Amino acid sequence: MSKRFRIAVLGVALVAAAASVQPAAAQSGRLIEPPSNLPRAQRGDKTQNLDRLFEALKIAPDDESAKYIENRIWAIWLASGSDTANLLMTRAKSAIDANDLDLAVQLLDAIVKIKPDYIEAWNRRATLHYMRKEYAQSMEDIRQVLIREPRHFGAMSGLGMILQEFGDEKHALDVFRRALEINPYLPKIDEMVKGLTEKVEGRGI
């Protein structure tokens, strides 16, 4: 099984468990979300543009360069190619800002029905389910994201956080490490990896 699909398969196996088990110790905070101010998405072949950006992200020399590249990746992910989906996403964001999560979920439900290949709608809905402690639904949406884009470091980080909350620190560590392979500049994830490494693998001698 390739690395690109290993995380997606892991999510499939854990959805059923998440539906019936309560997390050991819930953490505060939200999953990684796209920045509010993003550049315009590049024109041309979406896959080729993403491939180039991900290669550049791996070798970015500093935080500033990495953030610039990361923002361009988010811009491509957020470009739905559908005026209707864009309108609904704008309304969903307004609902989230107003803390009307029920409405936001309904709007995102509509987006994934009319534009199922729009991965950021799945990702945004995963975040909302996480905020509402609907962990099985969140993990299912994360699975949908990773099936469509196995390099989605935001969804991967979210999966790691949920696994950690359920006490599955070993798989959480695996997921966080994979996320860092894709984006070495993810905020706080490197610290979480260090902490989990000590717990799971023990301190170095």
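As the structure is a prediction and not an experimental result, all values here were calculated from the model. Computed from heavy atoms alone, side chains included, the values below leave out hydrogens, waters and symmetry copies.
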Is any side-chain heavy atom of [X] less than 4.5 Å from a side-chain heavy atom of [Y]?
X: Leu173; Y: Glu201; value: yes
X: Met131; Y: Leu128; value: yes
X: Lys115; Y: Asp117; value: yes
X: Asn183; Y: Ile73; value: no
X: Thr197; Y: Arg177; value: yes
X: Met89; Y: Leu108; value: yes

Do [X] and [Y] pair up side chain to side chain, a donor and an acceptor below 3.5 Å, judged on atom types alone?
X: Glu165; Y: Tyr130; result: yes
X: Asn123; Y: Glu120; result: yes
X: Asp62; Y: Ser65; result: yes
X: His171; Y: Asp174; result: no
X: Glu134; Y: His129; result: yes

**Message:** Going by ring-ring contact (aromatic ring centres under 6.0 Å, His included), Phe153 matches just one of Trp77, Tyr185, Phe176. Which one?
**Reply:**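 Filter result, single survivor: Trp77.
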
In this structure, would [X] and [Y] fall into the same cluster of hydrophobic residues linked by side-chain contacts under 4.5 Å?
X: Met161; Y: Trp122; result: no
X: Leu87; Y: Leu78; result: no
X: Ile76; Y: Val145; result: no
X: Val112; Y: Ile147; result: no

Pair [X] + [Y], salt bridge at N-O below 4.0 Å:
X: Glu140; Y: Arg143; result: yes
X: Lys67; Y: Glu70; result: yes
X: Lys194; Y: Asp190; result: no

**Fill in**
The complete set of salt bridge (charged side-chain N to carboxylate O under 4.0 Å, His left out) pairs with one or both residues in residues 98-113, sequence neighbours excluded, reads Asp102-Arg132, Asp109-Arg125

Can you name the nearest heavy-atom pair linking [X] to [Y], along with the distance?
X: Ile182; Y: Pro150; answer: CD1-O, 4.1 Å
X: Ala66; Y: Leu57; answer: O-CD1, 3.7 Å
X: Leu88; Y: Leu107; answer: CD2-CD2, 3.8 Å
X: Ile142; Y: Gly158; answer: CD1-C, 3.9 Å
X: Ala104; Y: Ile96; answer: CB-CG1, 3.6 Å
X: Tyr118; Y: Ala85; answer: CD2-CB, 4.3 Å

**Asked** So, Arg148 side chain and Pro116 main chain: donor-acceptor pair closer than 3.5 Å or not?
**Response**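 Checking the backbone N and O of Pro116 against the side chain of Arg148, a donor-acceptor pair under 3.5 Å is found.
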
